[in-house]
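What follows is a single structure, written as structure tokens, with notes after it.
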Number of protein chains: 2
Amino acid sequence: MDEIDRTIVNLLRADGRTSYAELARRVGLTAPSVQDRVVKLERNGVIAGYKAVIDSEAIGLGITALIGIIPDNSADHLDICERLRAIPQIESCYFLAGVECYQLKVRVPKMGDLERLIHRVGAIPGVAQTRTTITLSTKWEDRPQPIPEDGDGHGVG
Amino acid sequence: MDEIDRTIVNLLRADGRTSYAELARRVGLTAPSVQDRVVKLERNGVIAGYKAVIDSEAIGLGITALIGIIPDNSADHLDICERLRAIPQIESCYFLAGVECYQLKVRVPKMGDLERLIHRVGAIPGVAQTRTTITLSTKWEDRPQPIPEDGDGHGVG
DNA sequence: TGGTCCGGTCGATCTCGTCCACTACACGAG
DNA sequence: CTCGTGTAGTGGACGAGATCGACCGGACCA
């Protein structure tokens with residue numbers, strides 16, 4: 001993970017479809033060596049994949065909400081997590097240090113869908129209470145930040 | 001935005017580097033027509049871009065936290081938003097309906113960085129209080145959900 | 001009937017991806 | 001010092017992919 005790798009990662013974060021030839025021009029190497037580096041980054045788990053960024057509103061998912069989950073004492077977290085994963089509308093799921101031990105980011109087409117979703121989450125065994133907050137607007141999302149200088153040995157290796 | 005477009009979008013969400021030739025084989029068209037559809041989806045804003053998915057821990061950003069912001073009465077939201085945007089560690093920023101009117105998702109290398117970051121956010125004029133929650137683990141993040149059937153006319157057009 | 005638009009196909013051409021052999025350099029052992 | 005060895009990069013060759021223009025066929029409408 002040297003300066004060249006960081007440049008490659010930054011370029012691919014900004015545009016995941018950048019060709020190896022283009023990356024090569026940017027970093028001053030040839031396409032095969034860039035490909036070699038990218039393959040290694042993928043194998044090390046630094047690059048976990050590539051995604052198209054979709055406008056949620058454009059595909060009919062106009063409502064975004066955050067749902068916090070407060071568990072009860074009997075909560076079986078493996079089970080809760082599994083049941084949450086089975087709900088497709090939950091796009092992100094974080095396990096938190098706090099009273100609300102999960103936070104979910106969900107997207108739905110209509111308010112009615114959100115209501116049904118909240119009921120479904122609340123009905124999961126071990127969930128004592130949920131707290132939902134509607135997002136009025138997304139200022140920005142998943143903005144890549146610069147890679148710290150010492151960002152090397154922490155990978156899966 | 002017909003069935004074929006939805007398939008293309010789903011394939012590109014799962015792997016943003018899928019070639020036009022491969023997409024063409026999957027949807028039963030030729031590469032040029034698939035390319036044509038993709039270009040239109042990009043122009044309509046349905047596909048907003050392509051990103052490599054990076055493992056935060058592997059690049060030294062091992063700590064993820066959620067910061068809620070409670071504003072005071074004098075808060076100038078344009079100004080707050082601008083100042084937040086200038087902080088690179090804030091990867092996502094949502095404007096919420098609730099007492100905590102912003103929620104930030106931040107990533108930092110070390111706890112000390114998080115502390116400095118919280119102080120910096122708290123020092124923004126109009127910010128009365130912040131509430132920070134550490135994420136112990138990310139169960140999943142940005143998982144694509146199926147596109148609803150009527151996901152057509154809502155786009156930028 | 002004929003014109004036009006839209007979306008698709010086909011073929012030509014250029015670029016890109018990918019594989020392989022070779023090279024340059026750093027490192028350690030004998 | 002010399003010799004392997006491992007790592008990283010180069011360059012060439014070849015097949016696959018991207019891209020462009022010309023053409024085709026159905027839907028729609030006067």
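Naming: A, B, ... by sequence-line order, numbering from 1 per chain.
Toward the 5′ end of DNA chain D lies the nearest nucleotide of A:Asp36, the other residue of the pair A:Asp36 and A:Arg17 mapping further downstream.
Of the candidate nucleotides C:dC16, C:dT18, D:dG9, C:dC16 has the atom lying nearest to any side-chain atom of A:Ser19. Listed candidates were C:dG7, C:dT18, C:dG11. Nearest to the side chain of B:Pro32 is C:dG11. Listed nucleotides: C:dG17, D:dA8, C:dG8. Nearest to the side chain of B:Arg37: C:dG8. Of the candidates C:dT18, C:dG7, D:dG9, the closest approach to any side-chain atom of A:Ala31 belongs to C:dT18.
For A:Arg131, the CZ atom sits in a loose shell: 12 or fewer heavy atoms of surrounding residues, nucleotides or ligands are nearer than 6.0 Å.
For the pair B:Arg17 and A:Tyr20, the distance from NZ or CZ to the six-membered ring centre is under 6.0 Å and the angle to the ring normal is within 45 degrees.
Taking side-chain N and O atoms only, B:Gln35 has no distance below 4.0 Å to OP1 or OP2 of D:dA18. Contact annotation: B:Thr30 side-chain N/O to C:dT9 OP1/OP2 distance is under 4.0 Å. The phosphate of C:dG7 (OP1 or OP2) has a side-chain N or O of B:Lys40 nearer than 4.0 angstrom.
Going from atom CG of A:Leu29 over to atom C1' of D:dT10 covers 10 Å, rounded to whole Å. We find that CD of B:Glu42 is positioned 14 Å from C1' of D:dA18, with the value rounded to whole Å. Rounded to whole Å, atom P of C:dG8 lies 6 Å from atom CD1 of B:Ile4. Rounded to whole Å, the distance from CD on A:Glu22 to C1' on D:dA18 is 15 Å. Rounded to whole angstrom, the span from the CG atom of A:Leu41 across to the C1' atom of D:dA8 amounts to 14 Å. Atoms OH (B:Tyr20) and P (C:dC14) sit 21 Å apart, rounded to a whole Å. For the pair B:Arg25 CZ and C:dT9 P, the interatomic distance rounds to 14 Å; values are reported in whole Å. If you measure from atom CD1 of B:Ile8 to atom P of C:dG7, you get 13 Å, rounded to the nearest angstrom.
Partners of A:Tyr94 under the ring-ring contact (aromatic ring centres under 6.0 Å, His included) rule, at least two apart in sequence or in another chain, do not exist in this structure.
Taking each heavy atom of A:Tyr102 and A:Cys93 in turn, the nearest pair found is CD2-SG, 3.9 Å.
A salt bridge between A:Glu115 and A:Lys110 is absent, with no side-chain N of the basic residue lying under 4.0 Å from a carboxylate O of the acidic one.
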